[in-house]
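Reviewing the structure listed below.
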Amino acid sequence: YHQHHPVPLCNTALPVQYISLDGNSLTSTDLVNLGKGLYKIKLTLEAERKVVQSRELLDTIVKENKVVYGITTGFGKFARTVIPVSKLKELQENLVRSHSAAHRMKTRMLLALRINVLAKGHSGISLETLHAMIQAFNASCLSFVPEKGTVGASGDLAPLSHLALGLMGEGRMWSPKSGWADAKYVLEAHGLKPISLRPKEGLALINGTQMITSLGAEAVERAQAIARQADIIAALTLEVLKGTTKAFDSDIHALRPHPGQIEVALRFRSLLDSDHHPSQIAESHRFCDRVQDAYTMRCCPQVHGVTNDTINFVQNIINTEINSATDNPMVFAERGETISGGNFHGEYPAKALDFLAIAVHELASISERRTERLCNPSLSELPAFLVNEGGLNSGFMIAHCTAAALVSENKVLCHPSSVDSLSTSAATEDHVSMGGWAARKALRVVEHVEQVLAIELLAACQGIEFLRPLRTTTPLEKVYELVRSVVKPWIKDRFMSPDIEAVHRLLLDQKASDKYKYQHYNFPEPRLMLHPTIRLKVKDIQFTIICEQEQDQISTFKTSDPIKCLTFLFEK
C-alpha cells in the first residue's frame, strides 16, 4: 500500500500519550491512531503476568526435552524433524530469515497489532522480547515489510518475518532519526539492541493474520468515514438537481426497518429542507410537477444503508480479529500444555474484507451516476459540464470520466480473492485464504470511493453557483463553505487535479461530517403532515387541490387566489 511513499505516512513528532495493550480491548480506531503515530504503547500488568506464565511453561518443555511442534521440531513439512537443544536458537532465527521473501508495505500498525496479540499471553514470547518490540515501536524504528507474498495461511508468514528480521538487527529499517538504513544501525542510533530469539519465539513472531487485519482495520475505518460523508454529498447533489425530500419519509423506512436504511434516511432528513433547516432552493420548486426522482437520489437510504450495515458487520469481525491469538501452537499456561490448531487461518478477515470492498464500492457506483446527472444539461437544467461558455471550456467533462474510470476499476477489484486457494508447503498447508490480497484491494477500493465522492462534491458545489442567490439548508451551506475554503468556483478551465486532491484530503480528514453533527431526535419530516392526503399543483397560474377523502371520495377546487387556496386547505 502507498508504494510511492517509502517513508511511513504518520506523525513524525514522537507522541507523549500511551495506549495500554492487554490483547483484549484494542479497537480498529485505536489501531489506526497507532498507525498515525499518535500514541506510544505499554503493557498492562495483567498482560505482563500472563506473558511470564506462558514463557515459563515453554522453558520447562525445553528443559524436559519434550517433543513439541515449533518448539523442538521443524516447521510445516519438517514437523517430525526433532531439533537438538543446542540449535533451537538457530532454528528460530533461520525461520525468520528464510520466510523473509516478499514485497514492501507500511508497518507501524502491523507492529502494534503483533504486540497486542502477543500480550494475550498465549504465544510463549518472553517479556524481554516483547518489551524490546515495544521500545522499537515507541522509538518509531520500523522494519522494511512486504505487502505481497502472503497467502493468508499459515498466517502472514512472509510479511511478519520481515517485521521480525528488522527487530533482529537484519534487513532494513526506518526511523525519523535515521531514515532508511541497515536495521542494526537504526537500532543502535536509538540505543536499542537486536532481539535474541529463544525457543518458539520466531514462530510466535511470524505466525498470524496481522497484516490482513491491520490493513483491514484501516480499510474499515476509512470506509465508515466516507459512508457518513457520502450521505452529505448526495444530499447536496439532490438539492442542486432540485429533487424531492418525500422519499426519506420515516414512515416509508419503518416498513423496511434495516438499521442502515433508517439511519441514512434520518441523516438525509436532518440535512434537507424542513422547518428546522429551510432551503430557498427547495422552496423555489416546491410546486413543480415532478412526482419522483431518479433512483440515484431516491434510493440512497436503501443503497447507502446496506453499505453502512456491511461496514458495521466487517468492523465487528476486524475488532474480534485484532484481539485474537492467531499463531500456532497455542500455549495454555493454566493447563500446562501447548495445543496445535488453526487460528492462523485468515478466512475470517479475508471474507469480511471481500464483502467490504463489494459493499463500499456501491457508494462510488451510485455517486458517479449522480455526477453524470449534474454534468448532463438534459438531466440537470444546468450548463453542460457545469461551466459557462461550453465548447471553449470543458468544465467537469473529464472529471466525470475520471470518476467513471475509478468505478470501472473497482468492479474488477471487487472480485473476491477469498474464493481462491492454492496448496503450499508440500500440501501441508493445502487450503489458504488469500486474505492479504483481499485486504490490499479493499483498501484500494475505499480510496477510489473517496476520490469518486470528492469529484461529486466538487461538481455539486459548482452546481450551487448556478442557483445563486438562492441558498440551501444551513448544514449544506456549511459543507459548501468548507469546499470553497480550499477550492474556488470554476469560472473557466484550469488544472483540476489539485482541486480533486484538496477535496479528497477534506474527506480523508472527515471535515465534511465534522461540519454538521446531528442527533437522533427532533427532526421534523420534510413534508406537510396532513390527513386526508393533499396534492398541490401549479398549472396556468391556477391552483388545483385534489383532496383524497376516506372511502375514495374526491373533491376538487380550483382558484387563482392563493388566499382562497389556503382557506380551502385549512377547511379540509
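Small disclaimer: the values here were computed from a predicted structure and weren't measured. Values below: every heavy atom of this structure, side chains too, minus hydrogens, waters and symmetry copies.
More than 12 heavy atoms of other shown residues, nucleotides or ligands fall within 6.0 angstrom of atom CZ in F344. Within a 6.0 Å sphere centred on CZ of F137, other residues, nucleotides and ligands contribute more than 12 heavy atoms.
With D327 contributing its side chain and A204 its backbone, the two residues share no donor-acceptor pair below 3.5 Å. Q229 places a side-chain N or O within donor-acceptor distance of the main-chain N or O of L507, the cut-off being under 3.5 Å. A distance-only check finds no donor-acceptor pair linking the side chain of S143 to the backbone of V145 [under 3.5 Å]. Judged by distance alone, with hydrogens and angles left aside, the side-chain atoms of K42 form no donor-acceptor pair with the main-chain N or O of S20 at under 3.5 Å. Between the side chain of K120 and the backbone N or O of S324, no donor-acceptor pair lies under 3.5 Å.
Residues that satisfy the ring-ring contact (aromatic ring centres under 6.0 Å, His included) test with Y39, not counting sequence neighbours, are absent from this structure. In this structure R49 satisfies the side-chain hydrogen bond (donor to acceptor under 3.5 Å, both in side chains) test together with E46, Q53, sequence neighbours excluded.
Electrostatic pairing of R505 and D509 counts as a salt bridge here, judged by a charged N lying under 4.0 Å from a carboxylate O. Taking the charged nitrogens against the carboxylate oxygens, K184 and E188 have no contact shorter than 4.0 Å, which rules out a salt bridge. Under the 4.0 Å criterion applied to side-chain N and carboxylate O atoms, E450 and R222 are assigned as salt-bridge partners. Here K50 does not pair with D22 in a salt bridge; the nearest charged N to carboxylate O distance is not below 4.0 Å.
Between H345 and H431, the gap from one ring centroid to the other is short of 6.0 Å. Residues W180 and F144 bring their aromatic ring centres within 6.0 Å.
Using a 3.5 Å distance cut-off with no hydrogens or angles, the side chains of S140 and R108 do pair a donor with an acceptor. Under 3.5 Å, the side chains of E347 and S418 contain no donor-acceptor pair of N or O atoms. With hydrogens and angles left out, the side-chain atoms of E221 and Q315 include a donor and acceptor closer than 3.5 Å.
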**Report entry** Criterion side chain to side chain donor-acceptor pair (under 3.5 Å) on T307 and T310, from CA distance to verdict
**Finding:** CA-CA 5 Å; T307 298; T310 303; over 6 Å; no
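With I61 as the partner, the side-chain contact (heavy atoms from CB on, under 4.5 Å) test is satisfied by one option alone out of K200, E337, K66: K66.
With values rounded to the nearest 0.5 angstrom, S25 atom OG is found 8.0 Å from D30 atom CG.
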